[in-house]
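Here is the naming used below: chain letters follow the sequence lines, and residue numbers restart at 1 for every chain.
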Protein chains: 2
Amino acid sequence: MSKITALDTYDVRFPTSRELDGSDAMNPDPDYSAAYVVMRTDQPSLAGYGLAFTIGRGNDVQKAAIDALNHHVAGLDLDEVIDDLGGFARRLIGDSQLRWLGPEKGVMHMAIGAVVNAAWDLAARAAGKPLWRFIADMTPEQIVATIDFRYLTDALTPEEALTMLHAAAAGKARRLAQLLQEGYPAYTTSPGWLGYSDEKMQRLAREAVAAGFRTIKLKVGMNVEDDVRRCRLARATVGPDIGIAVDANQRWDVPDAIAWLRHLAEFRLAWVEEPTSPDDVLGHAAIRHAVAPVPISTGEHTQNRVMFKQLFQANAVDLIQIDAARVGGVNENLAIMLLAAKFGVRVFPHAGGVGLCELVQHLAMADFVAISGNKDDRAIEFVDHLHEHFVDPVVIANGCYIAPSAPGFSAQMRTDSVAQYVYPEGPAWCMPVDTAKA
Amino acid sequence: MSKITALDTYDVRFPTSRELDGSDAMNPDPDYSAAYVVMRTDQPSLAGYGLAFTIGRGNDVQKAAIDALNHHVAGLDLDEVIDDLGGFARRLIGDSQLRWLGPEKGVMHMAIGAVVNAAWDLAARAAGKPLWRFIADMTPEQIVATIDFRYLTDALTPEEALTMLHAAAAGKARRLAQLLQEGYPAYTTSPGWLGYSDEKMQRLAREAVAAGFRTIKLKVGMNVEDDVRRCRLARATVGPDIGIAVDANQRWDVPDAIAWLRHLAEFRLAWVEEPTSPDDVLGHAAIRHAVAPVPISTGEHTQNRVMFKQLFQANAVDLIQIDAARVGGVNENLAIMLLAAKFGVRVFPHAGGVGLCELVQHLAMADFVAISGNKDDRAIEFVDHLHEHFVDPVVIANGCYIAPSAPGFSAQMRTDSVAQYVYPEGPAWCMPVDTAKA
C-alpha cells in the first residue's frame with residue numbers, strides 16, 4: 001500500500017517588480033511568488049504539486065502555514081486520499097485549532113487550498129489524466145461527495161447539485177470533443193499594466209488582437225483622466241468589436257466607484273473588476289445598481305464559497321472571477337462553479353501571477369464539460385509571464401487555451417527554476433555588489 | 001530621540017484542552033495561546049505589548065506573520081509612532097505585498113492588530129495613562145485621524161464621525177466619574193462550556209449570580225435536546241431576572257439555525273451568538289428575520305470593519321461582539337464602535353481566551369466615555385481563566401469590570417509565565433515520560 005510521506009515546501013519568488021510587470025492601482029511593485037508544495041509519496045515517480053500565489057513579502061508566512069498542515073498528510077495511505085478527496089479537504093478545513101486562524105480565509109485557507117490542490121494533482125496523475133478530464137469523468141455523485149455544503153444549503157443543496165450535474169451529463173461527450181477541437185477562450189491583461197506607457201499599451205493591444213484575443217483588460221483607478229485617455233486609446237487601437245474590460249483592484253469606496261465609472265461608461269466596458277473591497281457584497285450591489293448596465297465583477301480576492309454565495313444572492317455581480325489558489329482548493333471551486341451555474345452568472349477565471357493560468361484552465365474546462373456546459377460566453381484570463389518555469393506550461397493558440405493532455409493539474413515547477421528563484425538563497429536573489437559603494 | 005528597536009515575538013501556549021475549559025460546538029479541545037509581541041525601545045523601562053489570540057496549532061504561523069512586520073517597525077522614531085497612530089497602522093495595512101495575503105483578514109490582519117495594539121500600549125504608557133483614559137482624553141479630531149475610513153464612506157464619513165464625537169464630548173467628565181465609581185458591567189461564560197456536566201454548569205451559574213453577574217452564556221449547537229435541557233436547567237437555576245445568552249460558535253447552516261432556534265425561543269434568550277458562518281451577512285439577516293424577536297449577534301470572528309458595516313446595513317444583528325485581537329487593532333475597533341453607535345447597535349465585547357478580557361475592557365470603557373455614552377444596556381464578556389499570567393490582570397467586583405488605573409493596554413504578560421508556557425520548549429510542555437512505555 002503506497003503512502004504519502006511528506007509535504008516539502010519552497011519559498012519561490014520572481015523579481016518581477018524590476019520591470020513593473022503586474023503593476024496596478026493597489027500593487028505598485030509585486031514580486032510574483034509561490035509558496036510551492038510537493039506532496040511526496042513512497043513512489044519516487046509519483047508526487048502531487050500545488051502552490052499558493054503571493055506577491056512577495058509574506059511568502060514565508062504562507063509557506064509556514066502549509067508546513068502547519070504536514071501532520072494531517074504525512075503517513076496517509078495514498079488510496080485513502082485519492083478515493084476520498086472530499087474527506088481529505090474536510091479534515092484540513094475542520095482542524096478546530098487551525099480553523100481559528102480564519103475561519104476559511106486568508107493565509108491559512110490559501111495554505112489548505114495549495115495542499116488540497118496537490119492532492120487533486122496526485123489523484124489525476126495516478127489516474128493518468130489531466131485534471132480537467134479527471135473531473136469530467138467523475139460521476140455526479142462523486143463530484144458532489146467532494147464538496148463541503150456547510151453554509152451553502154440556503155442557496156444550493158447537495159440534491160440540487162446532483163440534479164444539475166445529471167442534467168449536464170447528457171452533453172458531456174459532445175462538449176469534450178468540442179473542447180479538444182476548439183480550446184477554451186482566453187482574454188489577455190498583458191497590455192494593461194498601470195506601469196506601462198501609452199505606446200507600450202497600444203503596441204501590446206494590437207499584438208493581442210492579432211494573436212486572436214477577443215477581449216483585453218486595462219488596469220485603472222489611479223487617476224481618472226489617465227483612465228479615460230487609456231480607454232479611449234485602447235478603443236481606437238482595437239476597434240469596436242473587441243471587448244475592453246477594466247480592473248480597479250479594490251481602489252475605490254462605493255461613492256467613489258459610482259462617480260468614477262460614470263466617466264468610463266462611454267467605452268462600453270466588458271466589465272469593471274474589483275471596484276471596491278472584495279469583502280463588500282452590499283457595496284458591489286450598490287455600485288452595480290447605480291452604474292447599470294455597466295457589468296460589475298469581483299472574485300480573485302473573494303475568500304470562500306460563503307462570500308460568492310452572497311454575491312449571487314444580492315445580485316451584486318454580472319460575472320465573477322474565480323482563483324485556483326485563493327480558496328480551499330478544487331473542491332471549493334467546484335462548489336463556486338455550481339453556485340454560479342445555478343444563479344446564471346458567467347465565470348471569467350483569474351489568472352496570471354505564478355502558475356494561475358496553468359491551474360485555472362483545468363477548472364474552467366471541467367466546468368464547460370461537466371457543469372455549466374458553456375464556454376463561448378466567457379474566457380480565462382491570460383498573461384504571458386513566467387510560464388517557462390512550469391513543466392507543463394499552458395498553450396495558447398488563436399486566443400484560446402488548448403486543453404492540456406499531460407496527467408495532473410499542471411502545477412509542477414521546473415526543478416532548475418525552483419533552485420534559481422528560491423528565496424532568499426537562490427542565485428536570482430543574490431544581487432550584484434553595488435560597485436559605487438565598494 | 002528615542003527609537004523603536006525591534007519586535008520580539010513569543011509562541012505562548014496554555015494546555016487548556018486537558019480540562020475542557022473553552023470547549024464549544026466547533027472547538028472541542030482548544031489550547032488557549034498567544035502569539036505575543038513586545039515592541040522594544042532603546043529605553044529599557046519602556047516597551048509596548050500586544051498579542052494575537054489563537055487556540056493552539058497555528059500559533060507559530062501567527063508568530064511568523066508578526067515577524068514579517070518587523071521591517072516596518074524597527075528603527076522608527078518613538079515620537080513618530082505615538083504621535084501618528086493612524087499613519088502607523090495605515091503603513092502596516094498598506095504594505096501592498098503583505099496585503100495580498102488578506103486583504104485585511106485572517107492571519108496577516110491579526111498580526112497587524114497585535115503590532116498596532118502594542119503601539120497603542122506604548123503610547124499610553126509613554127503618556128502615563130491606562131489606554132481607555134488615553135483614548136477618552138483624545139480630541140474628536142485626534143480620534144478620527146487614527147481611523148482608516150477606506151471602504152466605510154458609504155456608511156460613515158470622517159465628518160459624521162467628528163460630529164458624533166463632538167456631540168459625545170459634552171458628557172465626558174460626568175461619564176468618566178461614573179465609570180470610576182461604578183465600573184463597567186460584565187457577563188460570564190464560565191458556567192457554559194459544552195464539556196461541563198449539568199451539575200457543574202448549575203453550580204457555576206449559581207456562583208455567577210451570587211457574584212453579581214446579571215447575564216450568563218451557555219454554549220449550544222451539538223444536540224438540540226441537550227440544549228433545551230441545559231437552557232431549562234439554567235433558567236430554573238438563575239431565576240427569571242438573569243439574562244441567558246447562547247452561543248452556537250458557527251455550528252449551523254441558515255435553515256438549521258432557524259429550525260433549531262424555534263426550540264429555544266421559550267427561554268427568552270438575551271441573544272444568540274454566532275448562529276452561522278461569520279462571513280454570512282445575508283444569512284444572519286435571514287435568521288434574524290425568521291426567528292424574531294430572538295436577538296441575533298456575531299462579531300468575535302468578524303474579520304474587519306467592512307463586514308461589520310454590512311451587518312449593520314443589512315439589519316442582520318441586534319448586537320455585536322467586538323474582539324480586541326481579531327481586527328487591525330484599536331484603530332479599527334474605534335471605527336467599528338463608531339459604526340455601531342451610528343446604527344444604534346449595542347456592543348457586548350468578546351473576551352476570555354488569553355488576555356482578551358484585559359484588552360477589550362479598555363475599548364468598551366473608551367466607548368462609554370467618548371463615543372456611545374452608554375454602558376448599562378451592554379456588558380463585557382468575562383471568563384475567569386489565565387488572568388494570573390498578566391502583570392495588570394482585570395479586576396471584577398459585583399459583576400463589573402473595575403476601570404484599570406495602570407498605564408497601558410494591560411497586555412503585558414508575566415516574564416515567568418512566558419518562560420513557563422513558551423512552545424514547545426517551556427517546562428509546561430515537557431510532559432512526564434510515560435513510564436508504562438519505559
Quick check against the 3.5 Å criterion: does [X] have a side-chain atom that pairs as donor or acceptor with the backbone of [Y]?
{"X": "A:Gln310", "Y": "B:Asp279", "value": "yes"}
{"X": "A:Asp253", "Y": "B:Tyr151", "value": "yes"}
{"X": "A:Gln97", "Y": "B:Asn59", "value": "no"}

Inset, instruction - Output all residues satisfying ring-ring contact (aromatic ring centres under 6.0 Å, His included) with B:Phe149, sequence neighbours left out; order by chain, then residue number. - result: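 Scan of B:Phe149 (ring-ring contact (aromatic ring centres under 6.0 Å, His included), adjacent residues dropped) gives none.
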Inset, instruction - With sequence neighbours left out, write down each residue that passes ring-ring contact (aromatic ring centres under 6.0 Å, His included) with B:Trp252, or none if nothing qualifies. - result: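 With sequence neighbours excluded, B:Trp252 shows a ring-ring contact (aromatic ring centres under 6.0 Å, His included) to B:Trp260, given in chain and number order.
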Drop me the distance from [X]'s [atom1] to [Y]'s [atom2], to the nearest 0.5 angstrom.
{"X": "B:Glu104", "Y": "A:Lys105", "atom1": "CD", "atom2": "NZ", "value": "14.0 Å"}
{"X": "A:Ser96", "Y": "B:Ile55", "atom1": "OG", "atom2": "CD1", "value": "5.0 Å"}
{"X": "A:Thr153", "Y": "B:Asp256", "atom1": "OG1", "atom2": "CG", "value": "5.5 Å"}
{"X": "A:Leu282", "Y": "B:Leu282", "atom1": "CG", "atom2": "CG", "value": "6.0 Å"}
{"X": "A:Arg305", "Y": "B:Asp280", "atom1": "CZ", "atom2": "CG", "value": "10.5 Å"}

Where does [X] contact chain B at under 4.5 Å (heavy atoms): side chain, backbone, both or neither?
{"X": "A:Ala314", "value": "both"}
{"X": "A:Ala68", "value": "side chain"}
{"X": "A:Pro103", "value": "both"}
{"X": "A:His71", "value": "side chain"}
{"X": "A:Asp31", "value": "both"}
{"X": "A:Gln303", "value": "side chain"}
{"X": "A:Leu69", "value": "neither"}
{"X": "A:Lys309", "value": "side chain"}

Under 4.5 Å, counting heavy-atom pairs only, tell me which of [options] racks up the most with chain B.
{"options": "A:Gly58, A:Ala52, A:Ser33", "result": "A:Gly58"}
{"options": "A:Asp60, A:Asp154, A:Asn304", "result": "A:Asp154"}
{"options": "A:Met307, A:Arg150, A:Met108", "result": "A:Arg150"}

Inset, instruction - Could you tell me which non-hydrogen atom of B:Trp100 sits nearest to which non-hydrogen atom of A:His301, and how far apart they are? - result: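 Taking every non-hydrogen atom into account, CZ3-CE1, 3.4 Å.
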Inset, instruction - Identify which of B:Gly102, B:Ala65, B:Ser277 forms the greatest number of heavy-atom pairs closer than 4.5 Å to chain A. - result: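 Counting heavy-atom pairs under 4.5 Å, the top option is B:Ser277.
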Inset, instruction - Indicate whether the side chain of B:Gln250 and that of A:Arg99 have a donor and an acceptor atom separated by less than 3.5 Å. - result: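 Yes, a side-chain donor-acceptor pair sits under 3.5 Å.
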